[in-house]
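Here is the structure we will look at, set down as C-alpha cells.
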Amino acid sequence: MKIEDFVGLLGADFYAGVPDSQLKALCNYLMDRYGSDPAHHIIAANEGNAAALAAGYHLATGKVPVVYLQNSGLGNIVNPAASLLNEKVYGIPCLFIVGWRGEPGVHDEPQHVFQGEITLPLLENLDIPAFVIGKTTTEDQVKARLDGYRALLAQGRQAAFVVRKGALEYSGKTVYGNAHPMSREEAIGQVLAAAGDDPVVSTTGKASREVYELREGRGQGHGRDFLTVGSMGHSSSIALGIALQKPHRRVWCLDGDGAALMHLGAMALIGASRPANLVHVVLNNEAHESVGGLPTVAGLLDLPAIARACGYPGAVSVNSRSELERALAAAKEAKQLTLIEVKCALGARDDLGRPTTTPQENKAAFMAALESQA
C-alpha cells in the first residue's frame with residue numbers, strides 16, 4: 001500500500017514515535033511532509049515519551065494522535081498505555097502504528113524473535129485491538145477497520161495497526177546526513193585499540209556489528225565484548241553494573257546518541273555512582289541510523305555539559321581522529337569516570353556484516369573472559 005494512501009485514510013495531523021525500519025516508508029514520508037515540526041511530528045526519546053506526548057496533544061485539541069514504533073518498543077508504552085491512556089484511567093484515545101519485527105515464521109535477528117512472538121498477545125493484554133497490514137492488504141480493508149476503530153477511539157480507547165515488512169511503500173528519496181568527518185567505525189576502531197584487553201559493552205544496532213567486524217578483521221577474539229544486540233538505551237547501565245562489581249577493571253561503554261537519549265536517566269545514576277573505572281563513549285551521529293537515519297535531538301544538545309551536571313568528573317566532545325586519540329589517552333590517565341562524545345558521520349559500509357555467534361555464546365565468552373582476568 002502506498003504510504004500516501006495509508007496516511008490519507010488515517011486523517012491525523014499529529015504523529016509522535018521512535019523510528020523503525022519496518023515503518024521506513026511512514027517515517028520518511030513524515031519527515032518529507034513535516035520535518036521535525038513539533039506541531040505535527042515529534043521523534044521522541046522513547047516510545048513511552050511518544051505516548052505521553054500524544055496524550056498531551058489530545059488534551060489540548062480533543063483530536064486523536066498517532067504513535068509509531070517498532071514492536072521492540074512496546075515495553076516502553078506498557079506503563080502509559082495501562083496507567084494513563086486506558087479507559088479505566090483517563091480514557092485518552094490513541095492510534096498505534098507498530099512495525100512487526102520477528103514475526104513468527106519470518107527470519108529475523110535473535111533479539112526480535114521473542115518480541116515478535118508476543119507482539120499481538122501483548123497488545124491484546126493491554127486491551128488494544130490490532131489489525132495486521134501486509135503486502136496484500138487493500139485500502140478498503142484498512143478503511144473498514146478504521147471505521148470500527150473510530151467508535152472505540154470516541155470512547156477513549158486505543159487501537160493499533162501492526163505492519164508487516166514491506167507492507168507500506170514510499171517512492172520519495174529522503175536523504176539524511178551531517179557534516180562530521182569521522183566515521184563511526186573509525187572511531188570504534190580507535191576506542192578498541194585504546195581499550196586493549198579491557199571489557200567493552202557496545203550498544204544495539206550498527207555499532208555492535210562494527211565492533212564484531214573490527215575484531216574479526218584484526219584476528220581477535222570476541223570474549224572482551226558484550227554486544228547489546230537489543231534492549232536499546234541500556235548498554236550504559238549494563239556497563240555500570242559490571243564496573244561496580246569489577247572495580248579493578250576499566251570498563252568501556254560504546255553508546256549511541258539515540259540510545260543515550262532513550263534512557264537519559266541512566267547518566268544520572270552513573271554520575272551519582274561515579275565509578276572511577278568506567279569510560280562512557282557516546283558515538284553521536286545525530287541520527288537513528290540503524291533504522292533509517294532519522295534525526296535525534298542530540299545535535300542540539302551539549303552532552304558533556306549534561307554529563308557534568310549528572311556528576312561525571314570528566315566530559316569532553318571530539319570531532320576528529322587526533323582529538324579522540326588525545327581524549328582516550330587522557331581518560332586512561334585520569335582514572336576517573338569520563339564521558340567522551342564523539343561526533344560521527346552518518347553512514348556505514350554496504351558490506352557490514354552481523355555477528356555469527358549467538359547472544360548466549362557471546363554472554364558465555366564474555367563472562368569467561370571477565371572471570372579469567374579478575
Assess the residue pair H280 and D255 against the criterion (side-chain hydrogen bond (donor to acceptor under 3.5 Å, both in side chains)); give the C-alpha distance rounded to whole Å, side-chain angles, the decisive distance to 0.1 Å, and a yes or no.
CA-CA 7 Å; H280 188 181; D255 212 349; 2.9 Å; yes
Stepwise side-chain contact (heavy atoms from CB on, under 4.5 Å) check, T137 with F131:
CA-CA 10 Å; T137 303; F131 179 75; 4.0 Å; yes
Y68 vs F96, test: ring pair (Phe, Tyr, Trp, His ring centres under 6.0 Å). Steps then yes/no.
CA-CA 6 Å; Y68 62 87; F96 292 100; over 10 Å; no
Set out, in order, the CA-CA distance, both residues' side-chain angles and the distance that settles side-chain hydrogen bond (donor to acceptor under 3.5 Å, both in side chains) for Y29 and T174, then state yes or no.
CA-CA 8 Å; Y29 174 81; T174 314; over 6 Å; no
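Considering every non-hydrogen atom in both A207 and L283, the closest pair reads CB-CD1, 4.4 Å. Of all non-hydrogen atoms in C27 and D20, the two that sit nearest each other are SG-N, 4.0 Å. Between R308 and A315 the shortest heavy-atom distance is NH1-O, 3.0 Å. When every heavy atom of S36 is checked against every heavy atom of M31, the shortest pair comes out as OG-CE, 4.0 Å. Nearest heavy-atom pair across L126 and A82 is CD2-CB, 4.4 Å. Residues E213 and D351 come closest through the heavy atom pair OE1-O, 4.1 Å.
Atoms CD1 and CG, from I188 and L324 in turn, are 11.0 Å apart once rounded to the nearest 0.5 Å. Here the straight-line distance linking atom CZ of R209 with atom CZ of R184 works out to 9.0 Å at 0.5 Å rounding. Distance check: I128 CD1 to Q158 CD gives 5.5 Å after rounding to the nearest 0.5 Å. Interatomic distance, N49 CG to M262 CE, rounded to the nearest 0.5 Å: 9.5 Å. Note that CG of L30 is 11.5 Å distant from CG of D37, once rounded to the nearest 0.5 Å. Between the CZ atom of F226 and the CG atom of N362 there is a distance of 6.0 Å, given to the nearest 0.5 Å.
Counting only distance, with no hydrogens or angles, the side chain of D13 and the backbone of H40 share no donor-acceptor pair below 3.5 Å. A donor-acceptor contact shorter than 3.5 Å links the side chain of R250 to the backbone of K332. Distance alone, capped at 3.5 Å, places no donor-acceptor pair between the N285 side chain and the C344 backbone. Checking side-chain atoms of S273 against main-chain N and O of P275 turns up no donor-acceptor pair under 3.5 Å. In this structure, the side chain of Q70 does not engage the main chain of R101 through any donor-acceptor pair within 3.5 Å. Checked by atom type and distance alone, the side chain of E139 never pairs as donor or acceptor with a backbone atom of F6 at under 3.5 Å. Of the possible donor and acceptor atoms, one in the side chain of W100 sits under 3.5 Å from a partner among the backbone N and O of G116. Proximity of a side-chain donor or acceptor of Q115 to a complementary backbone N or O of H112 within less than 3.5 Å is not detected. A side-chain donor-acceptor contact under 3.5 Å links T338 to the backbone of Q336. Side chain of Q141 to main chain of T138: a donor-acceptor pair is present (N/O by atom type, distance under 3.5 Å, no hydrogens or angles).
At a threshold of 4.0 Å, the pair E210-R349 does not count as salt-bridged, since none of the basic side-chain nitrogens sits closer than that to a carboxylate oxygen. Look at E103 and K165 and you find no salt bridge, because none of the NZ, NE, NH1 or NH2 atoms lies under 4.0 Å from a carboxylate O. Look at D197 and R224 and you find a salt bridge, because one of the NZ, NE, NH1 or NH2 atoms lies within 4.0 Å of a carboxylate O, short of that distance. By the 4.0 Å N-to-carboxylate-O rule, K143 lies close enough to D147 to be salt-bridged with it.
For the 3.5 Å distance criterion, the side chains of N284 and E341 qualify, holding a donor opposite an acceptor. Looking only at atom types and distance, the side chain of S202 has a donor-acceptor partner in the side chain of S208 under 3.5 Å away. For the residue pair S183 and E185, no side-chain donor N or O sits within less than 3.5 Å of a side-chain acceptor on the partner.
Taking the six-membered ring for Trp and thresholds of 30 and 60 degrees, Y57 and F14 have nearly parallel ring planes, at less than 30 degrees apart. Using a 30° and 60° split on the angle between ring planes, H263 and H234 fall in the parallel class, below 30°. A tilted orientation is assigned to the rings of Y34 and Y15, their planes being inclined by 30° to 60°.
Sparse packing is recorded around CD of E333, with 12 or fewer heavy atoms of other residues, nucleotides or ligands lying under 6.0 Å away. For E216, the CD atom is densely surrounded, since the number of other residues' heavy atoms within 6.0 Å is greater than 12. Enclosure of atom CD in E325 is not indicated, since only 12 or fewer non-hydrogen atoms of other residues, nucleotides or ligands lie within 6.0 angstrom.
Between S317 and L303, the closest side-chain pair of non-hydrogen atoms is not below 4.5 Å. Counting heavy atoms from C-beta on, the side chains of E109 and V229 never come closer than 4.5 Å. Contact annotation: the side chain of L339 never approaches that of V281 to less than 4.5 Å [non-hydrogen atoms, C-beta and beyond]. Annotation: side chain of S231 is not in contact with side chain of T204 (no heavy-atom distance under 4.5 Å). Looking at heavy atoms from C-beta onward, P355 lies in side-chain contact with L227 at the 4.5 angstrom threshold. The side-chain heavy atoms of Q22 and V163, taken from C-beta on, include no pair separated by under 4.5 Å. Considering only heavy atoms from C-beta on, L370 comes within 4.5 Å of R249 through its side chain. Side-chain contact between H58 and V64: absent, with no pair of heavy atoms (C-beta onward) separated by less than 4.5 Å.
In this structure, I42 is not a member of the same hydrophobic cluster as I92, with clusters built from ILVMFWY side-chain heavy atoms closer than 4.5 Å. One hydrophobic cluster, built from ILVMFWY side chains closer than 4.5 Å, holds both I3 and L146. Residues L168 and V66 are members of one and the same hydrophobic cluster, defined by side-chain heavy-atom contacts under 4.5 angstrom among Ile, Leu, Val, Met, Phe, Trp and Tyr.
With sequence neighbours left out, the side chain to side chain donor-acceptor pair (under 3.5 Å) criterion links D350 to no other residue. Partners of N178 by side chain to side chain donor-acceptor pair (under 3.5 Å), not counting sequence neighbours: none found. Looking at residues two or more places apart in sequence or on another chain, you find a side-chain contact (heavy atoms from CB on, under 4.5 Å) between A266 and S236, S237.
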